Amino acid sequence: MGAYRASMASSFSLVHSATLLKNYIFLRRSRVLAFSLHLSPFSTSSATLSSDVLHPHKKSRQPVAATLLELGGVKVGRDEIVRDDPTNNVPDSIFSKLGLQLHRRDNHPLGILKNAIFDYFDTNYPNKFTKFDDLCPIVSVKANFDDVLVPADHVSRSYNDTYYIDSQTVLRCHTSAHQAELLREGHTHFLVMGDVYRRDSIDATHYPVFHQMEGVRVFNPVDWEGSGKDGTQYAAEDLKKCLEGLAQHLFGGVEMRWIDTYFPFTNPSFELEIYFQEKWLEVLGCGVMEQDILQRNGRTDNVAWAFGLGLERLAMVLFDIPDIRLFWTNDERFTSQFSKGQLGVKFKPFSKFPPCYKDMSFWISDSFTENNLCEVVRGIAGDLVEEVKLIDNFTNKKGMTSHCYRIAYRSMERSLTDEEINDLQWKVREQVEIKLKVVLR
């Protein structure tokens, strides 16, 4: 029965992803025929930015080798994702990550962690949860935001935070983007794993592509009737019991605590923290699904719980991986250290190459954001940039504000030459001034 459900899940995910992608490509090509130019209906701070910021993939960008991908069984060209369009802000560096699916590699730390979580649910809820780990990351704005009740004015909708393919299509920001569709398809117990995309800062724990897992369980009235509890209380208690068991499965006998919090798609909402390596660590967020989500998707008499967790965050702790960039390396000194089914094997550092620091000061414009700065730096230096950090700022008597950022360059695999670093920094300074409309000091 378990094998049958897994097979069905794989078949469904392929059809589901293919349908999403085909719909997007059809709409995209239809728009090209119908319009010579269309502007974004969104009113965000980035709407006033230089077009080079919204299109960081233009000629100054480094080319990528692959120009054709297969996502969900459909072949997609680079020009479908990275385009000179006022509503598109996807750079080549992000396109190059599409389809890599680190979480589906059994010998990769993320794949090992994914399988350990799947094992927990298979053992404790046999033949219950359907698993999806290859759904297409190209989703509609409606699926990514509206279907999970993200407010219309929420900051996550802005071009500063989200990668837009066009005004109605994004690279998913979370695996919750598939929640409503799966509920409509009739699924009541499911786990969704996949790569997600967010414009973000640059440091050892943040990267614009990372991996999430979403879990959902739907209850019928017969499940809680006779328990002496209402549906919400029953679901909340079941949720906590499930996730405490998962934390113990991954981390062993650790102390745990629940923190009340807020998410737009659950009520009540919680965060689970564990005491690990002498400090409290946030493991995941979760809660009882908002009734509005269930009712919109044909579940009028049900109650459900949902949780979401970031794989990199947990894997960095479990495997002692110090820098999030390492997950993307093909260096055998990293990849050879991990094997299928070996959860928690401690990473042994293979390089201690020194960082090189370069400072850059400039007068900012009204439209300046740190995320836009990081996009420019990443577009030039790629994974050679380790951190971008604001170290000083002040406002003069004329009301002009100056920021000073320190950029740390370091390769995880080799020593960088002075000439190489100076060339990168010169290009960064040039492009920051052009694309962000700032004045260098």
Side-chain angles (χ1 to χ4, degrees), residues 5-7 9-14 16-17 20-21 66 69-73 94-122 129-139 144 163 171-179 182 190-198 200 205-216 246-247 249-251 283-285 306-321 323-331 334-345 347 383:
R5 291 180 66 86
S7 175
S10 177
S11 298
F12 172 82
S13 62
L14 185 64
H16 178 77
S17 300
L20 280 173
L21 211 51
L69 298 174
E70 185 168 316
L71 299 174
I94 295 300
F95 176 78
S96 69
K97 299 295 191 292
L98 286 166
L100 295 184
Q101 296 189 316
L102 301 182
H103 62 286
R104 303 191 75 198
R105 303 179 185 183
D106 289 342
N107 294 325
H108 191 280
L110 300 182
I112 295 169
L113 176 56
K114 179 201 76 172
N115 290 331
I117 297 173
F118 282 179
D119 287 344
Y120 169 78
F121 281 93
D122 286 342
F129 282 84
T130 308
K131 308 176 192 74
F132 303 94
D133 67 354
D134 60 350
L135 297 180
C136 181
I138 299 171
V139 300
N144 197 72
Y163 289 108
L171 296 178
R172 64 185 171 211
C173 301
H174 47 196
T175 47
S176 301
H178 304 286
Q179 188 181 99
L182 292 174
F190 55 87
L191 302 170
V192 180
M193 173 88 63
D195 42 325
V196 297
Y197 301 78
R198 296 181 192 173
D200 212 337
T205 61
H206 291 87
Y207 203 78
V209 189
F210 56 104
H211 298 76
Q212 279 191 344
M213 174 178 282
E214 166 98 356
V216 170
L246 176 60
H249 177 72
L250 298 177
F251 293 94
V283 176
L284 51 80
F307 74 86
L309 57 83
L311 288 192
E312 280 86 349
R313 180 183 182 84
L314 300 187
M316 290 180 78
V317 174
L318 287 165
F319 295 95
D320 277 352
I321 296 173
D323 193 306
I324 197 169
R325 292 176 297 165
L326 280 166
F327 289 113
W328 297 92
T329 185
N330 290 318
D331 193 312
F334 177 81
T335 58
S336 64
Q337 294 190 36
F338 308 101
S339 300
K340 180 179 180 180
Q342 300 299 308
L343 181 68
V345 172
F347 168 67
D383 284 352

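Only a predicted model underlies this, so the values are computations on that prediction, with no experimental measurement involved.
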Please find the pair of heavy atoms, one from [X] and one from [Y], that lie closest to each other, and give the distance.
X: Leu98; Y: Leu171; result: CD2-CD2, 4.1 Å
X: Asn144; Y: Ala177; result: OD1-CB, 3.7 Å
X: Ile324; Y: Met316; result: N-CE, 3.7 Å
X: Phe129; Y: Val216; result: CE2-O, 3.4 Å

Find the distance between [atom1] ([X]) and [atom2] ([Y]) and round it off to the nearest 0.5 Å.
X: Asn115; Y: Arg104; atom1: CG; atom2: CZ; value: 10.5 Å
X: Ile321; Y: Phe334; atom1: CD1; atom2: CZ; value: 4.0 Å
X: Ile112; Y: Asp106; atom1: CD1; atom2: CG; value: 8.5 Å
X: Leu113; Y: Glu312; atom1: CG; atom2: CD; value: 9.5 Å
X: Arg172; Y: Ile138; atom1: CZ; atom2: CD1; value: 10.0 Å
X: Leu246; Y: Leu314; atom1: CG; atom2: CG; value: 8.5 Å

Taking only residues two or more places apart in sequence, or in another chain, which ones meet [X] in a salt bridge (charged side-chain N to carboxylate O under 4.0 Å, His left out)?
X: Asp323; result: Arg325
X: Asp119; result: none
X: Asp200; result: none
X: Asp320; result: none

Test of understanding: with ring-ring contact (aromatic ring centres under 6.0 Å, His included), list the residues that count as partners of [X], not counting sequence neighbours.
X: Phe319; answer: Phe338
X: His206; answer: none
X: His103; answer: His211
X: Phe251; answer: Phe276

Handout entry: Partner residues of Tyr120 under the side-chain hydrogen bond (donor to acceptor under 3.5 Å, both in side chains) criterion, sequence neighbours left out
Key =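 With sequence neighbours excluded, Tyr120 shows a side-chain hydrogen bond (donor to acceptor under 3.5 Å, both in side chains) to no residue whatsoever.
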Handout entry: side-chain contact (heavy atoms from CB on, under 4.5 Å) assessment of Phe327 paired with Tyr207
Key = CA-CA 10 Å; Phe327 289 113; Tyr207 203 78; over 6 Å; no
Can you check whether [X] reaches [Y] side chain to side chain, under 4.5 Å on heavy atoms?
X: Val345; Y: Ser339; value: no
X: Asp195; Y: Lys97; value: no
X: Leu311; Y: Phe210; value: no
X: Leu309; Y: Val283; value: no
X: Val196; Y: Val209; value: no

Any residue meeting side chain to side chain contact (heavy atoms under 4.5 Å, CB included) with [X], in chain and number order, not counting sequence neighbours:
X: Gln337; answer: Phe347, Lys348, Phe350
X: Thr335; answer: Glu332
X: Val192; answer: Phe132, Leu135, Thr175, His178, Leu182, Phe190, Glu214

Exercise for the section: Indicate yes or no for a side-chain donor-acceptor contact from His249 to the backbone of Ile117 under 3.5 Å, with no hydrogens or angles considered. Expected result: no
Practice task
Measure from the side-chain N and O atoms of Arg105 to the backbone N and O of Gly111, and report whether any donor-acceptor pair falls under 3.5 Å.
Solution key: no
Practice task
Check the pair Leu191, Thr130 against side-chain contact (heavy atoms from CB on, under 4.5 Å), reporting the backbone distance first and the verdict last.
Solution key: CA-CA 6 Å; Leu191 302 170; Thr130 308; over 6 Å; no
Practice task
Considering only NZ, NE, NH1 and NH2 on the basic side and carboxylate oxygens on the acidic side, decide whether Lys114 and Asp133 come within less than 4.0 Å.
Solution key: yes
Handout entry: Pair Tyr163 + Tyr197: ring centers closer than 6.0 Å
Key = no
